[in-house]
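Letters A, B, ... mirror the listed sequences (proteins, then strands); counts begin at 1.
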Amino acid sequence: MVDTTTMMDNPLRTGLRMEHSPDPCTIVIFGATGDLTSRKLVPALYNLARERRLPAGFAVVGFARRDWSDDFFREQMLNGVNENSRSGKVEPALWESFAQGITFHRSDFTNPEGYKALAEHLKQIDQERGTGGNRLFYLATPPDSYDDIIQNLGAAGLAKPQEGSWTRIIVEKPFGHDLASAKALNQELLSVFDESQVFRIDHYLGKETVQNLLVFRFANGIFEPLWDRRTVDHVQITVAEHIGVEGRGGYYDHSGAMRDMIQNHLMQLLSLTTMEPPAAYHTDAVRDEKVKVLRSIRPVAPNEVDKYTVRGQYGPGNLSGTAVPGYREEKGVDPNSQTETFVALKLFIENWRWAGVPFYLRTGKALPKRVSEIAITFKSAPLMLFHNAPTNDIEPNVMAIKIQPDEGITIKFEAKVPGQTNQIRPVTMDFRYGTSFGEASPEAYERLLLDCLLGDSTLFTRRDEVEASWSLITPIHLGWQAEAPMQFPNYEAGSWGPQAADDFMARDGRKWRRL
Amino acid sequence: MDDITELVPPTTIDVQKMDSELSRLVREAAGENIHALSRTSTLNLVGYAPSQDAVGTLSDMIRAQSLRHPNRTIIISAGDNGAEAKPDVKARIDAQVSGPDHTRVVFEEVDIASSGSDQMVSLVLTLLLPDLPVVLVWYGEAPFENALFSQLEKLADRILIDTATFASPRQDLVKLAHMLDERYDISDLNWSRLTPWRELTAQFFDTKALQTHLRRLDRVVMRYEANNGRPTNLPQALLLAGWLTAQLGWTPMEGGFSVEGELIRIHLRRPAFGIGSGAIRLVTIELQAAPVVDDSLDSIASLSLQATDNVLATFSVQRAEDPNCANTSVDVAGMTPMSRTVRLEQLSSADLISQELRLLSTDATYSAALRMAARFAQQLV
């Protein structure tokens, strides 16, 4: 989903393996002295350069308050790359060449003069490094600083691209903390930038996953006839994390599992699973369908949260044989915290394809395994021919699309056990593909940054997509706030969540998949 | 290859009971942990080795990339046991750890040594996994005079060769181009070796400001490694020249080919644009010999594209002292010169095979480059 205009202008790009290279450009990282830049962003850019994916005209400007020189900033970035790059320590000749394009711009985010000076700095870089006037602004700062940065970029004329160039801005998740704040942030951004310039990150999925789901559904003729309420009994979407908050308690305690995972990642998986086929394989055509299905989800009203949601918080337990503290004992967490580390939801999509099919979503921290999957459970055979046979509990067919850790597909069906009697048992047909077959995957940030530089917004969320998912989540939060405090913790670290989550399914005559 | 475990060493099997024999061997190797082994295949790889010694080398090459493209490998080689003798068929099974749950993916290889080509083909037919593409990996020499090749290529959905190993590169490139008239599904490891060079060259002209110079190029200088006048990999140089010519719409001129010692000059016509577009514009490609640096088959030392008429512009890629790096530079009159060091790794044969196996469809760019390279080679014959 890349504009191929440049490819056609450059006949040397033609061919099966010649992936498009971004235009020359400069990336300005706001908050460049923070962790994200040295641990993720610059290592990602270095690896892209190492794999010849970046253009010759390329520069990085770190924008922050600290009194750092260019050399000191480069040194910090070198340390970051050496510690965090998936390709190991830098190759000296490559790093030396790459680092020549790294500079530091000292300024406060609130100071308009700092942005005027940045504009001059960028013009100089254009002349010296041939970056062509293309700019990417990366907000690697706490959300509190977004407004100042956005307004000052606008005031300094940096938001509008020059003739023949482009300007883009990347905003990290979380994108707001509820519907009102998400809308406010969108308005702020769109008062200065055009929607086509805004790239809202949701990197969890990765391009392989997104594309695999779409290819699986729409490149195979056999699945689509099964993909609706006539054959599907229910769908379970699980994103389980094997770790606790790992020192990020201060941030997480203001967020919780619903904001951290359901609002973005699980909603992405749900929309990709349930959307209608797009009219074309273009970014906006795909996003249009995702938004359409999100808007078809029946909202959970604040007074219905008991019926459709379960919350949990982990207590002390064992993860892979190691004793771990409970959530409330983690650093930065209020000892009386009501923040949920586990959520289970039941949702219904009110359209012709999915009417009446329940979608069960669950996510949590400190669960026994790290696993993400979408499991489609089909309706049982209409007539059981084998009821006189010595069989037990013929199980419904399940197709599980595994996202992590091993991408693949599993289909469970019933088969006859060899022998004289009609003994039937479930068997699985298991196919693993992609990253399970020895291919080294690029880091998520490498894909994201490259896609943004190429102008491909597949991995980024659109304004209406963000607001549609918040509009489902915010009423649930309101409902929870209106309830009496929960008796937390209510599940042990290393277990599959609170008993209430199992009861939640049992009420419907179903159970969670054992993963 | 350190993480590949031999589960079953080469073991003679009864080819009539092939699948059950393989299943038995896998079960015996797994013991109680049968579920920790995963048998899976995406391809049939039929490899030809010209000698028994070459079987091991080819086997290693294929096995090293098998985790990326799980396959059943069938390697055939000429036996020395007489045309009427029974073929010698051995199976080996290896496993490599895959995925965070440490499942071991099983690779099956069957080696057939036989003196009769009909025998070999019939055995290969028996061994192919159904419903999977068949890739014929022809190793070590050009296939054109080999009767076995004529039979095996009929089974193959794709043929994988390496023009770097052609003993008579000039004649063999021409024959390979003729083969394109009959089938387009040919993969060439030598073409894969050129991918980094082509990427870096194309990258210069991704910039709109520099794209105009693409049409102004009138001189290409390519330095390729040669040992006492013998190029180590002439097809690679000719393919690179062929690629530029085909993609940029250049046309070889009648009588426009000259060889002066180790210097090859090719004179071409290029399209003219803009004012005076009816005029003839010329391009010269010079292939110059360079000293051999190492025994890698990637023998291109440098590539320089120049526009010398009016606004001088030079775009260069030069292999650096570090064998896995190259220096690129752009020098255009009126612009600040730009240079950088980039990675230009020397890929192993296993990596090249793996790259080619990712693309099992027609590579029209290769076809065009090969046809042009063959035209150049014809001038050298």
Side-chain angles (χ1 to χ4, degrees), chain A residues 5-7 9-24 47 49-58 87 91-98 100-101 126-134 164-165 369-371 404-408 430-433 435-440, chain B residues 38 40 42 65-70 96 98-101 103 105 192 195-196 198-211 214 243-244 246-249 320-322 324-325 327-330 335-336 338-344 354-355 358-359 361-366 368-369:
Chain A
T5 307
T6 306
M7 287 176 78
D9 294 341
N10 183 357
L12 297 181
R13 275 284 167 206
T14 307
L16 292 170
R17 57 203 83 195
M18 300 293 276
E19 295 176 58
H20 186 41
S21 211
D23 296 328
N47 278 313
R50 184 176 176 274
E51 294 188 355
R52 300 184 297 274
R53 300 311 309 276
L54 292 183
F58 183 76
S87 60
E91 288 158 66
L94 292 182
W95 174 259
E96 198 183 315
S97 178
F98 177 72
Q100 283 172 12
D126 283 340
Q127 281 183 352
E128 288 172 4
R129 296 195 61 81
T131 42
N134 299 311
S165 306
K369 291 185 184 180
R370 175 179 173 252
V371 58
Q404 290 184 43
D406 261 344
E407 284 188 292
D430 190 8
F431 182 66
R432 299 173 188 198
Y433 61 89
T435 57
S436 68
F437 283 130
E439 290 280 351
Chain B
S38 172
T40 184
T42 60
Q65 59 76 47
S66 284
L67 196 60
R68 282 168 261 181
H69 302 284
Q96 191 167 5
S98 165
D101 61 354
T103 299
V105 177
S192 254
T195 298
R198 296 195 297 128
E199 280 180 352
L200 290 170
T201 307
Q203 237 176 26
F204 290 133
F205 306 103
D206 284 336
T207 313
K208 284 190 170 47
L210 297 178
Q211 256 171 31
L214 193 54
W243 170 66
L244 283 169
Q247 293 309 117
L248 297 176
E321 271 189 38
D322 182 334
N324 288 307
C325 289
N327 298 318
T328 71
S329 65
V330 176
M335 286 176 61
T336 309
M338 286 189 290
S339 62
R340 62 174 178 159
T341 303
V342 294
R343 196 155 179 270
L344 204 161
S354 184
Q355 280 190 5
R358 287 173 69 91
L359 299 160
S361 50
T362 304
D363 188 343
T365 309
Y366 170 65

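For chain B, the nearby part of A:Pro55 is the backbone; its heavy atoms alone come within less than 4.5 Å. For A:Ala49, no part lies near chain B; criterion is any non-hydrogen pair under 4.5 Å. For a residue to count as touching a neighbouring chain, one of its non-hydrogen atoms must lie under 4.5 Å from one of that chain's; by this rule B:Leu210 does not touch chain A.
For the 3.5 Å distance criterion, the side chains of A:Glu128 and B:Thr336 fail to qualify, holding no donor opposite an acceptor.
Looking at every heavy atom in both residues, B:Leu244 comes nearest to A:Leu12 through CD2-CD2, 4.1 Å. The minimum heavy-atom distance between B:Met338 and A:Arg129, with the atom names listed, is SD-O, 3.3 Å. Nearest heavy atom pair, residue A:Arg53 against residue B:Gln203, reads C-NE2, 4.0 Å. Taking every heavy atom of both residues into account, A:Pro11 and B:Gln247 meet most closely at O-NE2, 2.9 Å.
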>> Could you go through B:Arg343 and A:Glu51, starting from their C-alpha distance and side-chain angles, then the distance that decides it, and tell me whether this counts as side-chain contact (heavy atoms from CB on, under 4.5 Å)?
In response: CA-CA 7 Å; B:Arg343 196 155 179 270; A:Glu51 294 188 355; 5.6 Å; no

> Would B:Leu214 and A:Asn10 satisfy side-chain contact (heavy atoms from CB on, under 4.5 Å), going step by step from the backbone distance to the final call?
Replying inline: CA-CA 8 Å; B:Leu214 193 54; A:Asn10 183 357; 3.7 Å; yes

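Remark: A:Phe58 pairs with no residue by the ring pair (Phe, Tyr, Trp, His ring centres under 6.0 Å) rule, at least two apart or across chains. By the side-chain contact (heavy atoms from CB on, under 4.5 Å) test, B:Thr341 is found to be paired with A:Ala93, A:Leu94, A:Ser97, B:Cys325, B:Asn327, residues two or more places apart in sequence or in another chain being considered.
Contact tally against chain A (heavy-atom pairs below 4.5 Å) for B:Ala209, B:Ser192, B:Pro196: the top residue is B:Pro196. Of the listed residues A:Glu91, A:Arg52, A:Gln127, the one with more heavy-atom pairs under 4.5 angstrom with chain B than any other is A:Arg52.
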